[in-house]
Amino acid sequence: MRTTFQVVGSSLLTTLLLTGCGAGDAPDKHVDYAVQGAYSATLSPTAKYAAIGSFNHGGSLWTTQQHERLYNWNHKAGDFSIIAATAFSPDELYAATANQQDLVLWNLQNGQPEGFWSSPAEILDMDLSPNGDYAFLGLADHTAVYFDVKNGGVMHTFRHEARVKAVDLSDDALLALTGSDAYNAKLWDVQGNKVLHTIKLGNIVDTVALSPNKQLAFSSGSLDRAVIWSTQDGAILHTLSDNRDLFGKRLSFLSARFSPDNSQLLTGTASGAVQLWDTSSGDMLRSWEIHKRDPYGPTSTGVYTLAFGEGKYYAIGSNGIINELK
């Protein structure tokens, strides 16, 4: 009996190690956007553009088709800004960059700034409404704010029990999803400034995402569960990772995005893995490992942002490299 247990246990452990380490496909192509790495990165809704906050060049806008830098975006002339957060409007007309306290709205057609504002508190995450009219900011002062980024002024304040680390706006800016250090993901009616549903996780909420049709939400806790849930009734539909399995498997998801037709979800982890999920079944369809500068080095490469392209997927890592996945 002891011998049988040892054989089965050894076989199971080997299987888990093989599937949990380096099991994903390699990218079809990778291009360096920030040689020394990046503080932040965001891909636009159709993956046409990438906004980067690099370690050595500040902010910049890139086109993913030609992999060319279009504009340098910094908040002070002659200085490289530390860009901690970036965002695009759903119509891809505007982008925003933020350091800890300042927010700049940029016109994507000419690369020029159209608004410069100081935030009420340190900016941890943000998203933009259509036409770049409003910015939804997750702040360190336990609030999220709906900010008029063209004229100035806070339109709505959404109060939380802790820092608001993750935010996402629906494409029509009627719903907002927040994730906080109080382990809560909250769905908000933006105009009514009220909570519609709250999902409790087991750790700080790192990442949130809303589907284009506003029917689905994704929320994940640091080294904790990642769930797809219904925005209609708050019911959890699928658990994508859980810390309750045999060996206490724990993942931290840094990024997530639903497909335009709502049928799939891309997720990216702190260890450089990208997964494609079926939102109806919760099954994983594909997985990749993004490119690392030193494949044998000790430093992990987190996946900052993801997008669905035409016949391919995109992912940008903390090392400043964009990956084309097929």
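Numbers here simply count residues along the sequence, with the first being 1.
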Main-chain N/O of Leu43 paired with Arg257 side-chain donor or acceptor, under 3.5 Å | yes
Any chance you could lay out the side chain to side chain contact (heavy atoms under 4.5 Å, CB included) test for Phe136 and Thr178, step after step, and finish with the verdict?
-> CA-CA 10 Å; Phe136 189 60; Thr178 60; 3.7 Å; yes
Answer yes if Leu108 and Tyr71 sit in the same cluster of Ile, Leu, Val, Met, Phe, Trp and Tyr residues linked by side chain heavy atoms under 4.5 Å apart, and no otherwise.
-> yes
Value for OH (Tyr304) from CG (Asn319), rounded to nearest 0.5 Å, stands at 9.5 Å
Is a donor on one side and an acceptor on the other found under 3.5 Å between the side chain of Asn193 and the backbone of Thr157?
-> yes
Set of salt bridge (Lys or Arg N to Asp or Glu O under 4.0 Å) partners for Lys150, sequence neighbours left out | Asp133
Indicate whether the side chain of Ser118 and that of Gln101 have a donor and an acceptor atom separated by less than 3.5 Å.
-> no
Give the minimum heavy-atom separation between Asn262 and Pro212, together with the two atoms involved.
-> OD1-CD, 3.0 Å
Apply side chain to side chain contact (heavy atoms under 4.5 Å, CB included) to Ile321 and Arg293, showing your working.
-> CA-CA 9 Å; Ile321 295 175; Arg293 295 186 187 279; 3.9 Å; yes
Is there a side-chain contact between Ser89 and Pro130 (heavy atoms, below 4.5 Å)?
-> no
How many angstroms lie between CG in Leu216 and OG1 in Thr231, if you round to the nearest 0.5 Å?
-> 7.0 Å
Partner residues of Glu161 under the salt bridge (Lys or Arg N to Asp or Glu O under 4.0 Å) criterion, sequence neighbours left out | Lys186
Quick one: do Leu105 and Leu103 end up in the same hydrophobic cluster if we chain Ile, Leu, Val, Met, Phe, Trp and Tyr together by side-chain heavy atoms under 4.5 Å apart?
-> yes
Main-chain N/O of Gly202 paired to Asp224 side chain as donor or acceptor, under 3.5 Å = yes
Tightest non-hydrogen contact, residues Asp32 and Trp62, listed as O-CH2, 4.3 Å
Given Lys29 and Lys312, is the side chain to side chain contact (heavy atoms under 4.5 Å, CB included) satisfied, shown in steps?
-> CA-CA 11 Å; Lys29 180 179 181 181; Lys312 66 183 73 172; over 6 Å; no
Would you say Leu196 has more than 12 foreign heavy atoms packed within less than 6.0 Å of its CG?
-> yes
Taking the six-membered ring where the residue is Trp, are the ring centres of Tyr94 and Phe88 under 6.0 Å apart?
-> no
For Arg69, does the CZ atom have more than 12 heavy-atom neighbours from other residues, nucleotides or ligands under 6.0 Å away?
-> yes
Looking only at atom types and distance, does a side-chain atom of Asp168 sit under 3.5 Å from a main-chain N or O of Leu177, one as donor and one as acceptor?
-> no
Atom of Ala226, atom of Ser220 and distance for their closest heavy-atom approach = CB-CB, 3.7 Å
State plainly whether the residues Asp206 and Lys165 are in salt-bridge range, i.e. N to O under 4.0 Å.
-> yes
What do the steps show when you test Tyr134 against Phe147 for ring pair (Phe, Tyr, Trp, His ring centres under 6.0 Å), and what is the final call?
-> CA-CA 5 Å; Tyr134 299 94; Phe147 187 82; 9.1 Å; no
Say whether, by atom type as modelled, one donor and one acceptor occur between the side chain of Thr207 and the main chain of Ala256 under 3.5 angstrom.
-> no
Determine whether Leu237 and Phe258 fall in the same hydrophobic cluster, where Ile, Leu, Val, Met, Phe, Trp and Tyr are linked whenever their side-chain heavy atoms lie under 4.5 Å apart.
-> yes
Looking at Leu175, Leu128, Val190, Leu174, which one forms a side-chain contact (heavy atoms from CB on, under 4.5 Å) with Leu169?
-> Val190
Going through the distances and angles, do Asn203 and Tyr183 end up as a side chain to side chain contact (heavy atoms under 4.5 Å, CB included)?
-> CA-CA 5 Å; Asn203 207 338; Tyr183 305 180; 3.9 Å; yes
Mind checking whether His57 and Gln36 have side chains closer than 4.5 Å, heavy atoms only?
-> no
Sub-3.5 Å donor-acceptor pair from the side chain of His238 to the main-chain atoms of Thr279, do we have one?
-> yes
Shortest non-hydrogen pair, Ala47 vs Gly309, comes out as CB-CA, 4.4 Å
ILVMFWY cluster, Met155 and Val149 together (side-chain gap under 4.5 Å) = no
Closest non-hydrogen atoms of Phe218 and Ile228, given as atom of the first, atom of the second and distance, are CD1-CG1, 4.4 Å
Check whether any side-chain N or O of Ser318 sits under 3.5 Å from a backbone N or O of Gly302 as a donor-acceptor pair, and report yes or no.
-> yes
Is there a side-chain contact between Leu137 and Ser119, using heavy atoms and a 4.5 Å cut-off?
-> yes
When rounded to the nearest 0.5 Å, the distance separating OG1 of Thr305 from CG of Leu254 is 11.0 Å
Taking the six-membered ring for Trp, are Trp188 and Phe158 parallel (under 30°), tilted (30 to 60°) or perpendicular (over 60°)?
-> perpendicular
Value rounded to 0.5 Å, distance of CG in Leu70 from CG in Asn110 | 12.0 Å
Taking everything shown except Glu92 itself, do over 12 heavy atoms lie less than 6.0 Å from its CD?
-> yes
CG-OH distance between Leu276 and Tyr313, expressed to the nearest 0.5 angstrom | 4.5 Å
Might you point out which heavy atoms bring Ser219 and Trp229 nearest each other, and give the distance in Å?
-> OG-NE1, 3.0 Å
Roughly how far, to the nearest 0.5 Å, is CD1 of Ile123 from CG of Asn99?
-> 7.0 Å
Is there a donor-acceptor pair under 3.5 Å between the side chain of Ser255 and the backbone N or O of Val303?
-> yes
Between Val195 and Ile199, is there a shared hydrophobic cluster once you connect ILVMFWY residues whose side-chain heavy atoms come closer than 4.5 Å?
-> no
State whether the side chain of Ser40 and the backbone N or O of Thr86 hold a donor-acceptor pair below 3.5 Å, judged by distance alone.
-> no
Any donor and acceptor pair, going by atom type alone, linking the side chain of Arg286 with main-chain N or O of Val274 inside 3.5 Å?
-> no
